[in-house]
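Working notes for the structure below.
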Amino acid sequence: MIWEPIRKKASGNRVTPNLVDYDTARRRFSWDAVRASLSGLPNGRGLNIAYEAVDRHARSPAGRRVALRCRSRRGEVAEISYADLCLASNRFGNVLRSLGVGRGDRVFTLLGRTPELYVAALGTWKNTSVLCPLFSAFGPEPIVERLRLGEATVVVTTRALYRRKIAPFRDRVPTLRH
């Protein structure tokens, strides 16, 4: 199936692309400059990719701007603002914490490219847990083996995928709690 591109809504404000000339950007690249451009966590508590990618924008005038634009299989387009993505990923991180999932615990995702995948990824990083994406094209055996070897604590998936690909082999992943 061929999908039509998602078109941005017309606005009077044209935005310059982030990367206009790759070769020049590569020559001028500096890790020190990158570090200086990052906000860092409030109160100087370090860096977190989810904060840099979403939260700092959600707390700025850009908070209402579209952070994610997703097209469903039925062709419906969902737009999620930085503020909404921040809220949803905070909620997911809090759910993980309430389940006793913490720093370094492995959170596996077995989802399509849905808004829920991005919420789970960002919430996992905010919780300082490790994100391990799986792909639904994998069969049950490779999925369960990755869960076992990766010492999975949590799997975020759909009911249908869980029933088909994980449940029959659930006893082979002793670390899986949720």
Can you find a heavy atom in the side chain of R106 that is under 4.5 Å from one in the side chain of T175?
no
Q) Mind checking whether V173 and F108 sit in one hydrophobic cluster, side chains of I, L, V, M, F, W, Y counted as touching below 4.5 Å? A) yes
Looking at E52 and G40, would you say the former's side chain and the latter's main chain have a donor-acceptor pair under 3.5 Å? yes
Only one of I80, V66, D55 passes side-chain contact (heavy atoms from CB on, under 4.5 Å) with L85, and that residue is I80
Give a yes or no on whether the backbone of V119 and the side-chain of R91 come within a donor-acceptor separation of less than 3.5 Å.
-> no
| query | Going only through I, L, V, M, F, W and Y residues with side-chain contacts under 4.5 Å, is there a path from Y51 to L87? | reply | no
Give a yes or no answer on whether the side chain of T157 reaches the backbone of L111 with a donor-acceptor pair at less than 3.5 Å. no
message = Between N48 and T128 (side chain of the first, backbone of the second, donor and acceptor by atom type, cut-off under 3.5 Å), is there such a pair?
response = no
From the list L117, V54, L131, N127, side-chain contact (heavy atoms from CB on, under 4.5 Å) partner of L122 resolves to V54
Verify salt bridge (Lys or Arg N to Asp or Glu O under 4.0 Å) between R26 and D23, making sure each step is shown before the conclusion.
-> CA-CA 5 Å; R26 187 174 51 89; D23 290 328; 3.7 Å; yes
Margin query: For the backbone of C132 and the side chain of R146, can you confirm whether one donor and one acceptor N or O come within less than 3.5 Å of each other?
Written below: no
Any I166 side-chain heavy atom under 4.5 Å of I143 side chain:
yes
One should read off an interatomic distance between S89 OG and D84 CG, to the nearest 0.5 angstrom, of 10.5 Å
If you draw a 6.0 Å radius around CZ in R28, do more than 12 non-hydrogen atoms from other residues or ligands fall strictly inside? no
Q.
Are the side chains of R56 and Y82 in contact, using a 4.5 Å heavy-atom criterion?
A. no
Apply the test side-chain contact (heavy atoms from CB on, under 4.5 Å) to residues C86 and K126: give CA-CA distance (whole Å), side-chain angles for both, the deciding distance (0.1 Å), then the verdict. CA-CA 10 Å; C86 177; K126 287 179 179 185; 4.0 Å; yes
dist T109:OG1 -> Y118:OH (nearest 0.5 Å) comes out at 10.5 Å
Correct closest heavy-atom pair for G100 and D105 would be O-OD2, 3.9 Å
Exercise for the section: Begin with the C-alpha distance, continue with both residues' side-chain angles, and end with the deciding distance and a verdict on side-chain contact (heavy atoms from CB on, under 4.5 Å) for R177 and V155. Expected result: CA-CA 9 Å; R177 298 192 322 250; V155 176; over 6 Å; no
Going by chain and number, the hydrophobic cluster around W31 (ILVMFWY, side chain to side chain under 4.5 Å) further includes F29, V34
Interatomic distance, CD@E116 vs SG@C70, rounded to 0.5 Å, equals 8.5 Å
The reported gap from OH in Y22 to CZ in R27 (rounded to nearest 0.5 angstrom) is 11.0 Å
Separation between CD (E145) and CG (L147), nearest 0.5 Å, reads 9.5 Å
With the 4.5 Å side-chain cut-off for hydrophobic clustering, are L38 and L41 part of the same group? no
same_hphob_cluster(V156, F169) at 4.5 Å side-chain heavy-atom cutoff: no
Q) If two hydrophobic side chains count as joined below 4.5 Å and joins carry through other members, does F138 share a cluster with V144? A) yes
CG (D171) and CG (L176) are apart, to the nearest 0.5 Å, by 11.5 Å
Has the side chain of N94 got a donor or acceptor atom that lies under 3.5 Å from a matching backbone atom of N90? yes
query: Does R65 CZ have over 12 foreign heavy atoms under 6.0 Å away?
result: no
